[in-house]
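Step one of this worksheet: look at the structure below.
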Amino acid sequence: MEEIIKFANSLIWSNVFIGLCLCTGLFFTLKTGFVQIRYFRHMIKLLFTEGSSEQGVSPFQAFSIAIAGRVGVGNIVGVATAIAAGGPGAIFWMWAIAFLGSASAFIESTLAQIYKVEKNGMFCGGPAFYIEKGLKSKKFAVAFSIITIISCVIFLPSIQSNSIAVSINQAFQVPTWITGIGTCILLAFTVFGGAKKIGKIAQVVVPFMASAYIIMALIIIAFNIQEVPAIFGLIFRSAFNMEAAFSGVFGAAIAWGVKRGIYSNEAGQGTAPHAAAAAETSHPVKQGLVQAFSVYVDTLFVCTATALMILFTNQYNVIDEAGTYIVHNLPDTDAGAAFTVKAIATHFPSFASQFIAIALTFFAFTTIMSYVFIAESNFDYLSKQKNIILRWAMRVLILLTVFNASIQEASKAWEIGDIGVGAMAWMNIIAILILQKPAMLALKDYVAQRKKGLDPIFKPKELGIDNASEVWNKYHPHK
C-alpha cells in the first residue's frame, strides 16, 4: 500500500503538473489584465459591503470559509517541509504560485457564482456544477464530484487531524487517541449545521487564529529587523540558483515551493469555489475578487510569517534528494512543526510548543470544517433528493477518518493528503482553462458597469452566457 501511495503521488505531482499550475496562473494573470493587482483595494472593500440572506452567506463569511480551508497546517508544517526539501528559495516559489494562483482563484470562484444553484433553501455550487452547466459534460462533473467527496472525506482530513493530535501530544502529553475522540466530538457539534453555521463560526475563529499567529511572527521579525534585507536576498538568490550553498536543491525549490504553495492556498484546486458559490452577492465577479484576496492572506501573509521566523533564527535543516544534509542546524529533528516551534522558542522558550499546538489546532480544525462543507456541496450535486441516510453515513465516515488519522504516523497522513489535493487540482485546472469565457465576460461586464458609476448586477442572458443560475433573475436592472 505504501508503494501504491508513493507511486500515485509521483504520478499526480509530476513536473508536468507543476508547470501546468504555474502556466495556468500566468495565463489567467495576463488574460484578466493583472486583476489581482488592479482591484486589490476593491477586494478589501467588497468583504464588508454585502450581507447574508436566507439562501446565502455574506461575502465575508464565504471568505472566512475559504480561508478556513486555506489557512491551516500548510502554513506551519507545509512551509517547514518546503524549506527542508528546497531550501530558502522554495519560499519565493510559494509567493509566485500565490500571486499567479490568485488569478486562477478569481476565475474558478467567479464561475462558481455564475453557475450556483439554490438547493434545500441554500446556495451551493462548485466545480461539478460549472463543469456540467458550462462545459455541458455530466460525466466529467460526476467524476470530479466523486473524487472531491473521496478526497474531502478520506484523504484531506487526515493531515489536519493528525497534526492536531501530534502537536497536542508533544505540547501537553495528551494521548493521540484522546485528542482524536475530542476532535470528532467537536466536529460533530459544529459542522453539521450547514454552510451558514460554518460561516458564523469561521468568521469569528479565522481572524482570531490568523491574527494571533501573525502577531507572534511580527514580534520575532521585529527582534530581527536588521536581518530582513539579508533574508530576502537569500530567498531570491536561492530561488534562481545564484546561491552556491543551495544549488543542489534548485529544482526541488521550484517543485516544493509550488507543491506546498498549492496545498496551502488551494488556488486552482477546486475547493474554494464551493465556499464562493454559497455567497449572496449581486455579481459573480465580486466574490471572485474576494476569493482572490484570500490567497494573498494565506501565502503572502501567514506563510511568509512562518518562513521568516524559521530563517531569521536558523532553525531549519535542508536535505537534498540523495538524503545528504546541505544545512544541518537541528540534529535529530524531523522537518515540520518542530522548525517553527524551535524558531519561536528562541525568543519565547516557555510556551513555544504550547502556542504552536493551539495555533495548529485552530488552523486544522477549521480546515476540517471546510472539507465537510465541500463534501456536502458535492453530495448535494450528486443527490437529487435529500437522502438523509447516505448523508449521515458520509458524516460518520468523516469522523472515522479524523479519528483514524489521529493515531497514524504523520508521514502517511501527508502522503495520503497530497493525493487528494493533486487529483482535484488536475481536474479543476483543466476545467477552468476550457471554461474561461463566461468568467471573462463577467469581468468585462463588471468593469463596464463600474465605469458608469453603478453597483454592478449580473444579467447572464444579456452577456450570452447559457445555463447560468436562475438566481440572477432576482436582481433588477439599474434604472
- When rounded to the nearest 0.5 angstrom, what is the spacing between CD1 in Ile220 and OG1 in Thr346? 5.5 Å
- Message: So, taking the atom named CD in Gln160 and the one named OG1 in Thr367, what distance separates them when rounded to the nearest 0.5 Å?
- Response: 4.5 Å
- Rounded to the nearest 0.5 Å, how far does CG of Asn404 lie from OG of Ser158? 7.5 Å
- Passing candidate, side-chain contact (heavy atoms from CB on, under 4.5 Å) with Ile429, options Thr24, Ile262, Ile434: Thr24
- Item | Distance in Å, Phe140 CZ paired with Leu435 CG, rounded so as to fall on 0.5 Å steps | 10.0 Å
- For the residue pair Trp95 and Thr304, confirm or rule out a side-chain donor-acceptor distance under 3.5 Å. yes
- Message: Taking ring pair (Phe, Tyr, Trp, His ring centres under 6.0 Å) as the definition, give me every residue that meets it alongside Phe172, ordered by chain and number, with sequence neighbours left out.
- Response: none
- Calculate, to the nearest 0.5 Å, the distance between atoms SG and CE belonging to Cys303 and Met94 respectively. 4.0 Å
- Between Val174, Ile168, Val166, which is the residue that forms a side-chain contact (heavy atoms from CB on, under 4.5 Å) with Gln170? Val166
- Message: For the residue pair Glu132 / Tyr115, report whether a side-chain donor-acceptor contact shorter than 3.5 Å exists.
- Response: no
- Verdict with reasoning, Gln315 to Leu330, per side chain to side chain contact (heavy atoms under 4.5 Å, CB included): CA-CA 7 Å; Gln315 299 300 306; Leu330 304 174; 3.1 Å; yes
- Message: Please verify the inter-ring angle class for Phe348 with Phe223; under 30° counts as parallel, over 60° as perpendicular, anything in between as tilted.
- Response: tilted
- Message: Please give me the minimum heavy-atom distance between Ala405 and Ser161, naming the atom from each residue.
- Response: CB-OG, 3.2 Å
- Item | Donor-acceptor contact present, side-chain Ser469 to main-chain Lys116, <3.5 Å | yes
- Query: Any sub-3.5 Å donor-acceptor pair from Asp320's side-chain atoms to Thr324's backbone N or O?
  - Reply: yes
- Item | Side-chain donor-acceptor contact under 3.5 Å, Asn428 with Glu108 | yes
- Message: Over 60° means perpendicular and under 30° means parallel, so tell me whether Phe129 and Tyr381 are parallel, tilted or perpendicular.
- Response: perpendicular
- Query: If you round to the nearest 0.5 Å, how far is CZ of Phe155 from CD1 of Ile416?
  - Reply: 7.5 Å
- Answer whether the closest heavy-atom distance between the side chains of Gln113 and Lys286 falls below 4.5 Å. no
- Task: Please work out which of the three classes, parallel, tilted or perpendicular, describes the rings of Phe355 and Phe351, given edges at 30° and 60°.
- Result: perpendicular
- Message: Main chain of Gln36, side chain of Tyr296: is a donor-acceptor contact present, judged purely on distance under 3.5 Å?
- Response: yes
- Quiz item: cation-pi between Arg260 and Trp256, 6.0 Å / 45°: no
- Is a side-chain donor or acceptor of Asn314 paired with a backbone partner of Asn329 at a separation under 3.5 angstrom? no
